[in-house]
*Asks:* 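Can you read through this structure? Questions will come right after.
Hydrogens, waters and symmetry mates are skipped; everything else that's a heavy atom, side chains included, is used.
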Amino acid sequence: MTDTFFPEDPTRRIALASTCALGAVGSAAVAWPFLKSMQPSERALAAGAPVEVDISALKPGEMRAVEWRGKPVWILRRTPEMLATLDKMSAKLADPDSKRTAYPTPEYARNGHRSIKAETLVVVGICTHLGCSPIEKFQPGAQPSLPDDWPGGFLCPCHGSFFDLSGRVYKNMPAPDNLEVPPHMYLSDTRLLVGEDKKA
């Protein structure tokens, strides 16, 4: 009696082995797209991933925006004149030392300039009131919707909240807190990583 699974005819044995091999390859080909669909998409991975930024071309007084986790992150290279205004602001600010905890400030940014390096500010460009996006108002002096002694900073046009050049909110404003400082670190003097720091 001939074994149907292992026939003695070499031709049939080769045909059977080939059929099994092709069936395995076909099953893998069908399963691969299904398995791949279960992995998070590149967009989903990128949404929470840190963002590396080259700041070498950023000139003093210029600001650049990047996206991290669907939020705009502002990188401002402050001039010496901009930095000089920060020490004079404390009396006008609701939280000059960034002690409030609703938007915790990383330890390395709990200073007057709210940054690792004094000249480079990194903040999330979303107002802490209702999630609007403030606009840059770096030019000092009297301007529409701003005080006559405006030193430069950010204005949220939706409800009129003022922020200084460190993203600290003025007293008695609709916005309850300073702009958020995201975790960040320097990879080199000209490369910044937003979304991760050495302590994370």
Side-chain angles (χ1 to χ4, degrees), residues 50-69 71-129 132-143 146-156 161-171 173 175-200:
V51 178
E52 192 172 327
V53 187
D54 182 356
I55 58 171
S56 60
L58 202 59
K59 295 183 174 81
E62 287 184 347
M63 186 174 80
R64 179 176 175 189
V66 297
E67 185 178 348
W68 171 67
R69 293 189 175 177
K71 304 177 195 173
V73 173
W74 295 337
I75 302 165
L76 169 64
R77 186 169 177 199
R78 293 175 285 205
T79 64
E81 293 77 20
M82 288 173 156
L83 288 169
T85 67
L86 300 179
D87 293 335
K88 304 168 189 173
M89 296 300 300
S90 291
K92 297 181 178 182
L93 303 174
D95 184 20
D97 300 318
S98 301
K99 292 182 177 177
R100 294 184 180 172
T101 57
Y103 293 90
T105 301
E107 191 64 41
Y108 48 79
R110 286 189 193 161
N111 47 53
H113 44 82
R114 297 185 79 222
S115 58
I116 298 170
K117 295 183 180 183
E119 70 275 7
T120 307
L121 174 69
V122 182
V123 291
V124 175
I126 296 176
C127 182
T128 56
H129 179 218
C132 305
S133 188
I135 55 176
E136 57 186 76
K137 290 287 186 178
F138 298 155
Q139 180 66 39
Q143 298 164 60
L146 295 170
D148 290 344
D149 61 348
W150 180 249
F154 303 95
L155 164 68
C156 185
S161 293
F162 304 150
F163 299 88
D164 78 346
L165 288 163
S166 283
R168 298 176 296 183
V169 69
Y170 278 50
K171 289 178 180 174
M173 292 285 138
D177 283 294
N178 298 334
L179 297 179
E180 178 187 358
V181 175
H184 63 281
M185 59 188 279
Y186 285 87
L187 302 175
S188 71
D189 287 340
T190 60
R191 296 203 75 78
L192 189 65
L193 189 67
V194 176
E196 187 176 307
D197 55 30
K198 291 175 183 175
K199 295 180 181 179

*Asks:* Once rounded to the nearest 0.5 Å, what's the spacing between atom CG of Asn111 and atom CG of Asp97?
*Replies:* 10.0 Å
*Asks:* Rounded to the nearest 0.5 Å, how far apart are CD of Glu119 and CG of Leu83?
*Replies:* 7.5 Å
*Asks:* Can you confirm whether Val122 sits close enough to Val73 that some side-chain heavy atom of one is under 4.5 Å from a side-chain heavy atom of the other?
*Replies:* yes
*Asks:* When you compare the side chain of Met63 with that of Phe138, does any pair of heavy atoms fall below 4.5 Å?
*Replies:*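 Yes, their side chains come closer than 4.5 Å.
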*Asks:* Just how far is it from atom CD of Glu52 to atom CZ of Arg191, taken to the nearest 0.5 Å?
*Replies:*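 Glu52 atom CD to Arg191 atom CZ measures 4.0 Å (nearest 0.5 Å).
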*Asks:* Any side-chain to backbone donor/acceptor pair from Ser161 onto Ala175? Under 3.5 Å, distance only.
*Replies:*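 Judged by distance alone, yes, a pair lies under 3.5 Å.
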*Asks:* Go through Phe162 and Leu155 one step at a time and tell me if the side chain to side chain contact (heavy atoms under 4.5 Å, CB included) criterion holds.
*Replies:* CA-CA 5 Å; Phe162 304 150; Leu155 164 68; 3.6 Å; yes
*Asks:* Run the side chain to side chain donor-acceptor pair (under 3.5 Å) test on Asp164 and Ser166 for me, step by step, so that the C-alpha distance in whole Å, both residues' side-chain angles and the decisive distance to 0.1 Å come before the verdict.
*Replies:* CA-CA 5 Å; Asp164 78 346; Ser166 283; 4.5 Å; no
*Asks:* Measure across Trp150 and Gln143 and return the closest heavy-atom pair with its distance rounded to 0.1 Å.
*Replies:*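 Looking at all heavy atoms of both residues, the shortest contact is CD1-NE2, 3.6 Å.
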*Asks:* Within the structure provided, determine whether Asp189 and Lys117 are in side-chain contact (heavy-atom separation under 4.5 Å).
*Replies:* yes
*Asks:* How long is the span from the CE atom in Met82 to the CG atom in Leu76, to the nearest 0.5 Å?
*Replies:*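 Met82 CE to Leu76 CG: 5.0 Å, rounded to 0.5 Å.
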*Asks:* How long is the span from the SG atom in Cys127 to the CD1 atom in Ile135, to the nearest 0.5 Å?
*Replies:* 12.0 Å
*Asks:* Got Met89 and Pro151 here, is their nearest side-chain heavy-atom distance under 4.5 Å?
*Replies:*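 With C-beta onward as the side chain, the pair touches.
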*Asks:* From Arg64 CZ over to Ile55 CD1, what is the distance, rounded to the nearest 0.5 angstrom?
*Replies:*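 Separation between the atoms: 9.5 Å.
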*Asks:* Is any side-chain heavy atom of Pro182 less than 4.5 Å from a side-chain heavy atom of Trp68?
*Replies:*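 Yes, at least one pair of side-chain atoms sits under 4.5 Å.
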*Asks:* Can Val66 and Trp74 be said to form a side chain to side chain contact (heavy atoms under 4.5 Å, CB included), step by step?
*Replies:* CA-CA 7 Å; Val66 297; Trp74 295 337; over 6 Å; no
*Asks:* Hey, does Leu192 have a side-chain heavy atom less than 4.5 Å from the side chain of Ile75?
*Replies:*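 Yes; the side chains approach each other to less than 4.5 Å.
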*Asks:* Considering non-hydrogen atoms only, spot the tightest contact between Pro134 and Cys132 and give its length.
*Replies:* CD-O, 3.5 Å
*Asks:* Quick check: do Lys71 and Glu180 have side-chain heavy atoms less than 4.5 Å from each other?
*Replies:* yes
*Asks:* Begin from the C-alpha positions of Arg168 and Asp95 and carry the test side chain to side chain contact (heavy atoms under 4.5 Å, CB included) through to its verdict.
*Replies:* CA-CA 7 Å; Arg168 298 176 296 183; Asp95 184 20; over 6 Å; no
*Asks:* Nearest heavy-atom pair of Ser98 and Thr105: which atoms, and what distance?
*Replies:*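 Closest approach of Ser98 to Thr105, heavy atoms only: CB-OG1, 3.6 Å.
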*Asks:* Taking Leu179's backbone N and O only, do any of them form a donor-acceptor pair with Arg114's side chain (distance below 3.5 Å, no angle check)?
*Replies:* yes
*Asks:* Could you go through Thr85 and Leu165, starting from their C-alpha distance and side-chain angles, then the distance that decides it, and tell me whether this counts as side chain to side chain contact (heavy atoms under 4.5 Å, CB included)?
*Replies:* CA-CA 8 Å; Thr85 67; Leu165 288 163; 3.8 Å; yes
*Asks:* If you apply the rule side chain to side chain donor-acceptor pair (under 3.5 Å), what do you find for Ser115 with Arg78, and how did you get there?
*Replies:* CA-CA 11 Å; Ser115 58; Arg78 293 175 285 205; 3.1 Å; yes
*Asks:* If you look at every heavy atom in Ile116 and Met185, which pair is closest and at what distance?
*Replies:* CD1-CA, 4.2 Å
*Asks:* With a sphere of 6.0 Å drawn around CG of Asp148, does it hold more than 12 non-hydrogen atoms of other residues, nucleotides or ligands?
*Replies:*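 For Asp148, atom CG is not crowded (no more than 12 foreign heavy atoms under 6.0 Å).
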*Asks:* Closer than 3.5 angstrom, by distance alone: can the side chain of Thr190 be matched with the main-chain N or O of Ser56 as a donor-acceptor pair?
*Replies:*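 No.
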*Asks:* Does any non-hydrogen side-chain atom of Tyr108 lie less than 4.5 Å from one of His184?
*Replies:* yes
*Asks:* So, for Leu121 and Gly167, which heavy atoms are closest and what is the spacing to 0.1 Å?
*Replies:*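 It is CD2-N, 4.4 Å.
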*Asks:* Looking at the rings of Phe154 and Phe163, which for Trp means the six-membered one, are their centres under 6.0 Å apart?
*Replies:*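 Ring centres of Phe163 and Phe154 not closer than 6.0 Å.
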*Asks:* May I ask you to decide if Gly125's main-chain N or O and Ser133's side chain share a donor-acceptor pair within less than 3.5 Å?
*Replies:*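 Flag set: sc Ser133 to bb Gly125 pair under 3.5 Å.
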